[in-house]
Amino acid sequence: VLQISKDDVTALQCKVVCLIQNGNFKEALSVINTHTKVLTSDVIAFEKAYCEYRLNRIENALKTIQSASQQTDKLKELYGQVLYRLERYDDCLAAYRDLIRNSQDEYEEERKTNLSAVVAAQSTWEKVMPEDLGLREATYELCYNSACALIGQGKLNEAMKKLQKAEELCRQSLSEDSDVTEEDIEAELAIIHGQMAYIMQLQGRTEDALQLYNQIIKLKPTDVGLLAVIANNIITINKDQNVFDSKKKVKLTNAEGVEHKLSKKQLQAIEFNKALLAMYTNQADQCRKLSASLQSQSPEHLLPVLIQAAQLCREKQHAKAVGLLQDFADQHPANAAEIKLTMAQLKIAQGSVTKACMILRSIEELQHKPGMVSALVTMYSHEEDIDSAIEVFTQAIQWYQQFQARTNYVCYVFQPKSPVHLSLIREAANFKLKHGRKKEAISDLEELWKQNPKDVHTLAQLISAYSLVDPEKAKVLSKHLPSSDTMSLKVDVDALENSHGATYVRKKAGKLTGDNQQKEQGQGDVKKKKKKKKGKLPKNYDPKVTPDPERWLPMRERSYYRGRKKGKKKDQVGKGTQGSTTAGSSELDASRTASSPPTSPRPGSAAAVSAASNVIPPRHQKPAGAPATKKKQQQKKKKGAKGGW
């Protein structure tokens with residue numbers, strides 16, 4: 001037909017549709033662009049926008065849809081998909097709501113699925129609290145999207161239950177088709193299992209998550225986006241360990257088409273992890289290149305500059321790292337707090353605690369927080385700069401008092417619940433007492449007591465402080481303490497002493513009768529003296545001989561030790577040719593002595609000790625079998641050495 005009439009509109013439309021059905025989107029778009037006079041936007045707007053969408057020219061597809069004179073239902077459907085890919089979730093949600101409200105056909109379930117996907121994306125990437133759409137979760141796709149929305153809210157246990165339900169529904173729906181194999185079902189379940197593994201990872205069950213991730217990779221799913229996400233998550237589990245496995249997995253994140261399957265935040269997270277992996281594998285140039293690229297794409301993002309600073313620290317260039325962080329803090333004041341915290345950490349690592357304190361005190365939005373005050377006081381105390389620590393307390397107390405006066409609002413700490421400035425005054429008083437600033441501590445405690453005259457604990461502290469400075473004032477204040485009767489607690493002392501946690505348990509006295517009772521009454525409170533046991537003396541102890549004063553020292557440390565004498569038994573060693581014997585050799589043969597037992601006794605045995613106890617003190621006695629044991633050990637060592645060589 002086109003050979004006869006090359007500008008036939010119907011024939012051209014049919015050709016474009018056939019090319020789209022065959023997946024030849026570039027050729028179809030080329031046909032549309034070469035016949036723009038005939039194929040106007042009114043005639044073929046949907047086909048053109050669809051080809052651009054499938055070729056990932058999302059911005060062009062949006063322009064084509066918006067330029068169409070008439071917005072048909074199929075154009076609205078495509079418009080919703082385009083908005084989702086552009087991550088304009090609010091507009092996308094409105095578009096799908098309009099479609100569901102104004103259309104009635106067999107595709108209603110698919111539209112609801114897309115609507116739930118938009119809500120899940122809002123919850124995950126924009127941290128928007130999802131509204132209840134009232135959708136009946138009858139399909140596994142709806143269950144899956146609902147689980148993703150719950151993950152975005154941090155409701156991990158509920159999300160896991162939804163995913164389990166989605167898995168069950170998926171198996172049921174696919175098993176009804178006889179043409180679907182078990183492998184097909186597992187491939188379809190891969191994305192659900194991937195989300196389950198992600199929940200396990202968030203819950204700290206990294207071993208279970210890693211096992212499930214690897215099972216999915218073994219299935220070799222065709223979805224490159226799923227593989228990229230799983231590979232990235234495995235890299236985050238490995239961290240600075242198992243870097244060779246991470247280098248293998250990172251290849252999956254570089255697959256063709258990944259950038260069109262994932263959101264911008266997912267792609268950004270993958271790039272951050274690539275930079276960190278380069279740092280852990282000592283690829284400094286690659287790390288700098290990746291982090292610099294990330295910083296150019298997102299100049300206000302913290303992670304690129306933190307990665308660069310970490311790389312400089314690995315290269316021992318701490319001063320350069322601090323300078324880099326300082327420049328970023330000056331250029332981006334909104335993110336200065338987190339950067340300055342990192343700078344302070346680097347200063348502490350270098351041992352410059354005072355400089356770290358100066359950096360922390362320059363963070364205006366954090367300098368009066370109780371946690372920051374505690375950290376500064378601890379650091380100043382470490383440096384023995386008590387005046388600066390007290391100054392930190394004073395400034396924080398004044399700030400909270402001014403805030404309360406200005407806004408008529410009281411800030412509380414909840415463990416225990418009390419106004420922050422009063423808690424700080426109490427901590428300041430304790431700190432001053434600990435470091436000998438008694439008068440300053442007394443003024444703080446008096447202010448606390450004025451705020452709450454019924455606070456017995458504060459009053460007791462105040463009396464204790466005055467007792468060190470002004471005992472008379474302490475006596476006057478002690479009159480305000482409640483009497484012991486009002487403070488008495490109804491405690492069963494016997495039960496307390498007999499409890500499991502008692503450190504001292506009073507022994508119950510036995511019943512005394514007759515003479516024993518009278519003796520006990522007569523003796524009163526006389527304490528019984530314990531008899532001292534006499535120490536045991538050695539068997540060869542001679543009272544006439546003065547004990548050696550150095551007997552408790554090792555032999556080598558004694559003053560009269562002269563070392564071992566060499567050559568003592570030279571005359572007993574046989575001389576002559578190898579194998580010959582001497583006259584004295586028979587005397588050395590222990591087997592010929594009548595008194596020796598048929599087998600040599602074990603070292604330390606009763607027979608060996610009793611035989612030598614009359615001659616040598618036990619402390620100096622050598623085990624009978626010691627020389628033989630040494631020879632055996634030497635023989636074993638020789639054998640071992642021979643085998644080793």
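Annotation: E207, atom CD; neighbour count of heavy atoms from other residues, nucleotides and ligands within 6.0 Å does not exceed 12. Within 6.0 Å of CD on E183 lie no more than 12 heavy atoms contributed by other residues, nucleotides or ligands. More than 12 heavy atoms of other residues, nucleotides or ligands shown are found within 6.0 angstrom of CD on E106. Remark: E182 CD is packed, more than 12 non-hydrogen atoms of other residues, nucleotides or ligands lying under 6.0 Å away.
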Stepwise side-chain hydrogen bond (donor to acceptor under 3.5 Å, both in side chains) test for Q311 and Q317: CA-CA 9 Å; Q311 180 60 45; Q317 301 182 46; over 6 Å; no

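In this structure, the side chains of S175 and V180 stay at 4.5 Å or more apart for every pair of heavy atoms. Side-chain contact between L210 and T206 is absent, with no heavy-atom pair separated by less than 4.5 Å. Using a 4.5 Å cut-off on side-chain heavy atoms (C-beta onward), R101 and D98 make contact. Counting heavy atoms from C-beta outward, E77 and F46 have side chains that stay 4.5 Å or more apart. F272 is listed as a side-chain neighbour of H301, based on a closest heavy-atom distance under 4.5 Å. In this structure, T236 and Q201 have side chains that are in contact, with non-hydrogen atoms separated by less than 4.5 Å. Contact annotation: the side chain of K274 approaches that of E271 to within less than 4.5 Å [non-hydrogen atoms, C-beta and beyond]. Taking 4.5 Å as the limit, every side-chain heavy atom of E141 sits out of range of all side-chain heavy atoms of Y144.
Taking NZ of K251 as the reference point, atom OG of S246 lies at 12.5 Å (rounded to 0.5 Å).
A distance-only check finds no donor-acceptor pair linking the side chain of Q297 to the backbone of A292 [under 3.5 Å]. Judged purely by atom type and a 3.5 angstrom limit, S173 uses its side chain to pair as donor or acceptor with the backbone of L169. Within the 3.5 Å criterion, the main-chain N or O of T113 finds a donor-acceptor partner in the side chain of N145. A donor-acceptor distance shorter than 3.5 angstrom exists from the side chain of D184 to the backbone of T181, with no hydrogens or angles considered. Between the side chain of N24 and the backbone N or O of I20 there is no donor-acceptor pair closer than 3.5 Å. No donor-acceptor pair closer than 3.5 Å links the side chain of T124 to the backbone N or O of A121.
With sequence neighbours excluded, the residues forming a side-chain contact (heavy atoms from CB on, under 4.5 Å) with L267 are V258, E259, L262, listed by chain and number. Partners of V9 under the side-chain contact (heavy atoms from CB on, under 4.5 Å) rule, at least two apart in sequence or in another chain, are Q13, V38, L39, V43. Applying the side-chain hydrogen bond (donor to acceptor under 3.5 Å, both in side chains) rule to H368 yields no partners; only residues at least two apart in sequence or on another chain are considered. In this view, D327 satisfies the salt bridge (charged side-chain N to carboxylate O under 4.0 Å, His left out) rule with no residue, not counting sequence neighbours.
Ionic pairing of E108 and K112 is present here: one or more N-O contacts between side-chain nitrogen and carboxylate oxygen are shorter than 4.0 angstrom. A salt bridge is defined here as a Lys NZ or Arg NE, NH1 or NH2 lying under 4.0 Å from an Asp or Glu carboxylate O, and K265 with E87 fails to meet this definition. The residues E27 and K15 are annotated as not salt-bridged, no charged nitrogen and carboxylate oxygen being separated by less than 4.0 angstrom. With respect to D285 and K289, no salt bridge is recorded, no charged nitrogen being found less than 4.0 Å from a carboxylate O.
Side-chain atoms of D208 and Q203 include no donor-acceptor pair closer than 3.5 Å. Between E168 and Y140, the side chains place no donor N or O within less than 3.5 Å of an acceptor N or O (distance only, hydrogens not considered). Counted by atom type alone, Q326 and D330 present one or more donor-acceptor pairs between their side chains at under 3.5 Å. In this structure, a donor-acceptor pair under 3.5 Å is absent between the side chains of Y198 and N233. Using a 3.5 Å distance cut-off with no hydrogens or angles, the side chains of N232 and T253 do not pair a donor with an acceptor. No donor-acceptor contact under 3.5 angstrom links the side chains of E300 and Q331, judged on distance only.
Between Q195 and C148, the closest heavy-atom pair is NE2-SG, 3.2 Å. Heavy-atom minimum distance, T281 versus K247: CG2-CD, 4.0 Å. When all heavy atoms of R97 and L115 are compared, the pair lying nearest together is CG-CD1, 4.2 Å. Closest approach of S123 to A149, counting heavy atoms only: OG-O, 2.8 Å.
A cation-pi arrangement is absent between R111 and Y96, since the terminal nitrogen or guanidinium carbon is not both under 6.0 Å from the aromatic centre and inside a 45° cone about the axis.
The side-chain hydrogen bond (donor to acceptor under 3.5 Å, both in side chains) test with T64 is passed by exactly one of R57, K48, E52, E59: E52.
Residue pairs meeting the ring-ring contact (aromatic ring centres under 6.0 Å, His included) criterion with at least one partner in residues 237-261, sequence neighbours excluded, are absent.
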Report, one line per pair, each donor and acceptor closer than 3.5 Å where one atom sits in a side chain of residues 339-354; sequence neighbours left out.
residue, atom, partner, partner atom, Å
T342, OG1, E338, O, 3.1

